[in-house]
Protein chains: 2
Amino acid sequence: MPKVSDAHRRARRDQIADAALRTFAAKGFQSTSMADIIATSGLSAGAIYGHFSSKQEIMYAVAARILGNRTAAVDELADAAELPTPGEMLSAMLRGLDHDLSDTQLLLQVWGASASDPEMHAVMLDVVGRLVDTYRAYLVRWSIRSKDMDEASAAAFADRLVPTMLGLAQGYIVQRALFPDFDGEQYLAVAGELLPR
Amino acid sequence: MPKVSDAHRRARRDQIADAALRTFAAKGFQSTSMADIIATSGLSAGAIYGHFSSKQEIMYAVAARILGNRTAAVDELADAAELPTPGEMLSAMLRGLDHDLSDTQLLLQVWGASASDPEMHAVMLDVVGRLVDTYRAYLVRWSIRSKDMDEASAAAFADRLVPTMLGLAQGYIVQRALFPDFDGEQYLAVAGELLPR
DNA sequence: GTCTATAGCCGGATAGAC
DNA sequence: GTCTATCCGGCTATAGAC
């Protein structure tokens, strides 16, 4: 049980996670040392271990936040009265990544870590699972409204399309993070033309 | 200059790279220790450092090989007399990944490492650059032959489509590596329907 | 070229004062 | 809750014999 206010605890955890996020993005999960996080956060070892029990826990917290950022973007539009087209949905989900590369780079780190760390894998599946659910529900509603599908064919349509749309998003992320000359606008334009509308 | 035959040197390097590849895929680049590679390869520390000057060099060699495996698949079909459709090309490029997850998992590791290690980034860009060139040349020829485009519009068409097609491939890789229930056949079927044909 | 053994370093986590 | 100081383990890379 907290000895200071919950708000303070929350703020400290965020301060630590923020510092960790910056160093993780710059140096990678594994090459970031606790000393790096300590220096960047302006706190001390003792302070940090009072809020996180290990470096791994910090990694998982950062990963969940980064993944959550993407779902937040989708959640907003999925409930809008004016349903966007699949192409617009894709753009909305990804546009937030362009201003700051940190999230994009970290997503690659999270994927890489998930391939060999079961706990990271579980964290990732949990957050992405919610994103997929939202996406799927949106596609069902969109195809019913805009394509006059009945419930059953809309569900089948969404089940088929979700992985491929998600794949387009993942490809965008890889290229945004790694290709110096990546043209995100063009990528999204082409994707929008390929996707149903 | 080698004191034994080039073939022997090559074989030893491959033996080391094979062992490293297996441990890298299982534990990740950074969590794999030289002791792991030593144990898996059946060689000794001295033997390994006689062929690679550092663990990083082993990583780069493995990365280049893994990426090269994908380009090899594309190279084969790009020169065929019977040009495949874009959807078939995508399938051909990715189908080799399904039997053994090692390559798929390692691709995620390579992407993650490329985000923070400039040398890995350079290795990756070099190999992927060749793949992109091949892909682009194929798309130019396909659109000329099957779509009756002139040279200029074929080039523009290919420039626009290559990143998105590559993105579909990258999405496939992420999901194959990380999603337990991933249905690769369906993914490729949907992608094939979206792509021009 | 390959082995064994080890040097030398660095990183995560803790102890104990405040 | 937070600080400083430090312990301990594990890691990469090398030394030196064969």
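Chain identifiers are assigned alphabetically (A, B, ...) following the order of the sequence lines, protein sequences preceding nucleic acid strands; residue numbering begins at 1 within each chain.
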>> Expected output is a numbered-order residue list: members of residues 11-44 of chain A with a heavy atom under 4.0 Å from any atom of DNA chain D. What is it?
In response: A:R12, A:L43, A:S44
> Does the pair A:R95/A:E185 count as a salt bridge with the N-to-O cut at 4.0 Å?
Replying inline: yes
> Does C:dT2 have OP1 or OP2 sitting under 4.0 Å from an N or O in the side chain of B:H51?
Replying inline: yes
>> Can you measure A:K55 atom NZ to C:dC10 atom P for me and round it to whole angstrom units?
In response: 15 Å
> NA contact type, A:S53, heavy-atom cut-off 4.0 Å: base, sugar-phosphate, or nothing?
Replying inline: nothing
> Would you call A:D14 and A:R65 a salt bridge, taking side-chain N to carboxylate O under 4.0 Å as the test?
Replying inline: yes
>> Check this for me, if you would: do B:D126 and B:R130 make a salt bridge, where the nitrogen-to-carboxylate-oxygen distance has to be below 4.0 angstrom?
In response: yes
> Taking 4.0 angstrom as the limit, do B:E151 and B:R141 come out as a salt bridge?
Replying inline: no
> Can you check the A:Y49 OH to D:dA5 C1' distance for me, whole Å?
Replying inline: 15 Å
>> Is it true that, when you exclude B:R145 itself, more than 12 heavy atoms of the residues, nucleotides or ligands shown sit nearer than 6.0 Å to its CZ?
In response: yes
>> Rounded to whole Å, how long is the line connecting atom CD1 of B:I48 with atom P of D:dT14?
In response: 14 Å
> Can A:E119 and A:Q56 be counted as having a side-chain donor-acceptor contact under 3.5 angstrom?
Replying inline: no
>> Classify B:G50 by what it touches in the nucleic acid, base, sugar-phosphate, or nothing, heavy-atom distance under 4.0 Å.
In response: nothing
